[in-house]
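Side chains included, hydrogens not; waters and symmetry mates left out as well; all remaining heavy atoms used. Treat the numbers as computed from the prediction; the structure is a model and nothing was measured. Order of the sequence lines fixes the chain letters, A, B, ..., with proteins taken first and strands second; residue numbering starts at 1 for each chain.
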2 protein chains.
Amino acid sequence: MKLSVRGKYALRGLTVLGEAYGPEVVRIQTISEQQNIPKRFLEQILFDLKSAGIVESRRGVAGGYRLAAPPEKIPLAKVIRHLEGALAPVGCISERFYEKCSCPDELQCPLRSIMKEVRDAIAKILENTTVADLVTRAALLRQKPDRPVDFVI
Amino acid sequence: MKLSVRGKYALRGLTVLGEAYGPEVVRIQTISEQQNIPKRFLEQILFDLKSAGIVESRRGVAGGYRLAAPPEKIPLAKVIRHLEGALAPVGCISERFYEKCSCPDELQCPLRSIMKEVRDAIAKILENTTVADLVTRAALLRQKPDRPVDFVI
DNA sequence: CAAATACTTGATTATTTAAGTCGGGTTTTT
DNA sequence: AAAAACCCGACTTAAATAATCAAGTATTTG
């Protein structure tokens, strides 16, 4: 599961929408500026998320986007699956995005068996983490940022 | 961490070498036939693994490849990192393959924080699984194959 | 009602990555 | 000396990524 730039933009956009969750709508431009995302590209991404039923929109001069459900009802796995496809590192273990492998016998493939464990570990986290968690974590980090990696003496 | 076809070929090849581990060497052609991998492509991959010190080779008419260390000393993480780069789903949390992100402040990015958890879960499995485990698991599966996914009534 | 604003939709493009392929070179054995 | 097998770099083709562009449609407000 490698997250593309597109996927990162989507999740960062959803975090902004999660923070502003309510009846009101947020403009693409606002998100774009706040998160440093090319506006035209974000436009495309949000429209895509709308087709997945993750966000909804209002057109016209007071238009914008908002979450289609409360933030705690939107697991990251749902977003990522829609945008990137399988969570699994190899297609031959994905249930939703299965792809045949070239190996002699899938049912006896030891690699497949290991990768299934990896898939399950990834899914466990991403199914249980929601946009609400992104919002919470953002608030925490605002008070107590992650320390940089290179603090080595 | 999406595993490319190249990466899958590598791990499947290493499984064969793991099963044959000993002083003797295995020909590319043998692996290629046994695992249904394009020979020319496998050649390239094994040569690459050699440069990483994971396998060693013997040239000439009785030539071939063998593991450069006992199978239980070769963690899958090492192989995958060499071939595919970061295990992490996003570059901004990788220690070995760090890449800057476009977000306003990495130290306050909630997405980064979640993805670090995913990375750790993946790494935990792949650091602790070795070529020897692939061999063991292959033997097990030979007696008791994974049942197919579509056994639904 | 008109103009401005903001989402809608499809098309286009440039760059990069993936998956192989090709050709010839070098080493070792028989 | 000839055959087998690894060595090594360059090349090719197809697909995916990361955008950008150009109009079009809906909605609000002066």
Practice task
Can you sort out which residues in residues 27-43 of chain A have a heavy atom within less than 4.0 Å of DNA chain D? Ascending by number, please.
Solution key: A:Pro38, A:Arg40, A:Phe41
Exercise for the section: Any ring-ring contact (aromatic ring centres under 6.0 Å, His included) involving residues 33-71 of chain A? Give me the pairs, sequence neighbours left out, ordered by first then second residue. Expected result: A:Tyr9-A:Phe41
Practice task
Sequence neighbours left out, what passes salt bridge (charged side-chain N to carboxylate O under 4.0 Å, His left out) with A:Glu127? Give chain and number order.
Solution key: A:Arg81
Handout entry: Electrostatic pair A:Glu117:B:Arg137 at N-O distance under 4.0 angstrom
Key = yes
Practice task
Can you run down the ring-ring contact (aromatic ring centres under 6.0 Å, His included) pairs that involve residues 68-103 of chain A, sequence neighbours left out, and say none if there aren't any?
Solution key: none
Practice task
Flag the pair B:Leu3 / B:Leu11 as yes when at least one side-chain heavy-atom distance between them is below 4.5 Å, and no otherwise.
Solution key: yes
Exercise for the section: Identify, residue by residue, the members of residues 44-51 of chain A with a heavy atom below 4.0 Å from DNA chain C, and return them in order of residue number, or none. Expected result: A:Gln44, A:Phe47, A:Lys50
Practice task
Would you please test A:Leu141 and B:Arg112 for side-chain contact (heavy atoms from CB on, under 4.5 Å) and show each step?
Solution key: CA-CA 11 Å; A:Leu141 289 172; B:Arg112 184 166 165 279; over 6 Å; no
Fill in the blank from the handout: In short, salt bridge (Lys or Arg N to Asp or Glu O under 4.0 Å) pairs touching residues 3-22 of chain B with sequence neighbours left out are B:Arg6-B:Asp48, B:Glu19-B:Arg142
Practice task
Please name all residues satisfying side-chain hydrogen bond (donor to acceptor under 3.5 Å, both in side chains) with A:Thr136, sequence neighbours left out, ordered by chain then number.
Solution key: none
Please tabulate, one pair per line, each protein N/O and nucleotide N/O from nucleotides 13-18 of chain C that are separated by under 3.5 Å, including the distance.
none

Practice task
Scan A:Ile45, A:Leu134, A:Ile31, A:Ile54 and name whichever one has a side-chain contact (heavy atoms from CB on, under 4.5 Å) with A:Leu14.
Solution key: A:Ile54
Handout entry: For A:Pro89 against A:Val118, the heavy-atom pair lying closest together
Key = CG-CG1, 3.8 Å
Problem - Set of residues satisfying side-chain hydrogen bond (donor to acceptor under 3.5 Å, both in side chains) with respect to B:Ser94, sequence neighbours excluded - result: none
Practice task
Ignoring backbone atoms, test whether B:Tyr9 places a side-chain nitrogen or oxygen under 4.0 Å from the OP1 or OP2 oxygen of C:dG20.
Solution key: yes
Problem - More than 12 heavy atoms of other groups within 6.0 Å of A:Glu99 CD - result: no
Exercise for the section: In sequence, state the C-alpha distance, the side-chain angles, and the governing distance for B:Arg66 and B:Glu24, and then conclude on side-chain contact (heavy atoms from CB on, under 4.5 Å). Expected result: CA-CA 7 Å; B:Arg66 56 188 221 97; B:Glu24 279 319 294; over 6 Å; no
Problem - Outermost nucleotides of DNA chain D that come under 4.0 Å of a non-hydrogen atom of chain B - result: D:dA4 to D:dA10
Fill in the blank from the handout: Under a 4.0 Å heavy-atom cutoff, the residues of residues 53-61 of chain B touching DNA chain C are B:Arg58, B:Arg59, B:Gly60, B:Val61
Handout entry: Under the salt bridge (charged side-chain N to carboxylate O under 4.0 Å, His left out) test, residues paired with B:Arg119 that sit two or more places apart
Key = none
Practice task
Kindly indicate whether the side chain of B:Gln35, heavy atoms from C-beta on, has any atom under 4.5 Å from the side chain of B:Leu42.
Solution key: no
